[in-house]
Amino acid sequence: MAHIPLGYKIVDGCAVADEPTVEQIKATYRYYFEGKSLIDAAKAAGFKMNHATVKRMLSNKKYLGTDYYPQIIDEETIERFQRELARKATNLGRTNKKCKERNITIPTSFRFKPAGLTFADPFEQTEYIYSLIESEE
């Protein structure tokens with residue numbers, strides 16, 4: 001069975017709006033638009049959720065209505081939420097995805113001390129040879 005989004009309940013096999021929860025969801029949007037963080041907006045509306053859960057809840061496109069779920073939020077509210085998320089992310093420097101380019105040079109030659117020992121165990125021999133590396137060029 002699929003998960004029923006917060007704000008809905010099933011009555012006689014049909015999804016209907018759960019009005020008390022819908023009011024909490026609308027209050028969460030309102031508090032977020034007033035400047036609260038996602039967690040603080042949810043807390044003020046009566047939810048106890050983490051950041052990702054609040055973001056997922058407020059981004060839920062099912063709230064716009066589908067064949068099965070009735071509409072509880074208008075499209076303007078969802079779009080405003082997405083704009084506000086992007087604005088806050090930009091203000092907090094979270095959209096700067098520049099990655100520092102690292103110039104990695106993989107050594108292709110090595111200088112060794114002369115090998116004087118031979119081991120029967122190939123792992124011991126390998127460990128010994130690696131211990132003789134003086135520098136990477």
For [X] and [Y], which heavy atoms make the closest approach, and how far apart are they?
X   : Y   : answer
S59 : F81 : OG-CE2, 3.2 Å
Q24 : A45 : NE2-O, 3.1 Å
P70 : A17 : CG-N, 3.9 Å
L6  : M57 : CD2-SD, 3.5 Å

Chi angles and distances behind the side chain to side chain contact (heavy atoms under 4.5 Å, CB included) call for R111, I133: CA-CA 6 Å; R111 268 200 325 238; I133 295 175; over 6 Å; no
Stepwise side chain to side chain contact (heavy atoms under 4.5 Å, CB included) check, K88 with Y32: CA-CA 11 Å; K88 286 185 178 184; Y32 185 71; 3.4 Å; yes
Verdict with supporting geometry, T77 and R80, side chain to side chain contact (heavy atoms under 4.5 Å, CB included): CA-CA 5 Å; T77 302; R80 182 177 175 198; 5.7 Å; no
Sidechain-backbone polar pair: Y128 side chain, A115 backbone, donor-acceptor under 3.5 Å: no
Any donor-acceptor N/O pair, E84 side chain to F33 backbone, under 3.5 Å: no
Mind checking the [atom1]-[atom2] spacing from [X] to [Y]? Nearest 0.5 Å is all I need.
X    : Y    : atom1 : atom2 : answer
K36  : K43  : NZ    : NZ    : 10.0 Å
L38  : Y31  : CG    : OH    : 15.0 Å
I39  : M49  : CD1   : CE    : 11.5 Å
K62  : I4   : NZ    : CD1   : 8.0 Å
L58  : T28  : CG    : OG1   : 6.0 Å
K113 : I129 : NZ    : CD1   : 12.0 Å

With a 4.5 Å limit on heavy-atom distance, are the side chains of [X] and [Y] in contact?
X   : Y   : result
K9  : V11 : yes
T90 : R87 : no
F47 : V54 : no
N60 : R56 : no

Y8 and Y63 aromatic ring geometry - parallel, tilted or perpendicular at 30°/60° bounds: tilted
For atom [atom1] of [X], decide whether the heavy atoms of other residues, nucleotides or ligands shown that lie under 6.0 angstrom number more than 12.
X    : atom1 : value
E127 : CD    : no
E79  : CD    : yes
Q82  : CD    : yes

In one Ile/Leu/Val/Met/Phe/Trp/Tyr side-chain cluster, 4.5 Å: I73, V16: no
Trace of the side chain to side chain contact (heavy atoms under 4.5 Å, CB included) decision for K61 with I78: CA-CA 8 Å; K61 300 284 186 185; I78 297 262; 3.8 Å; yes
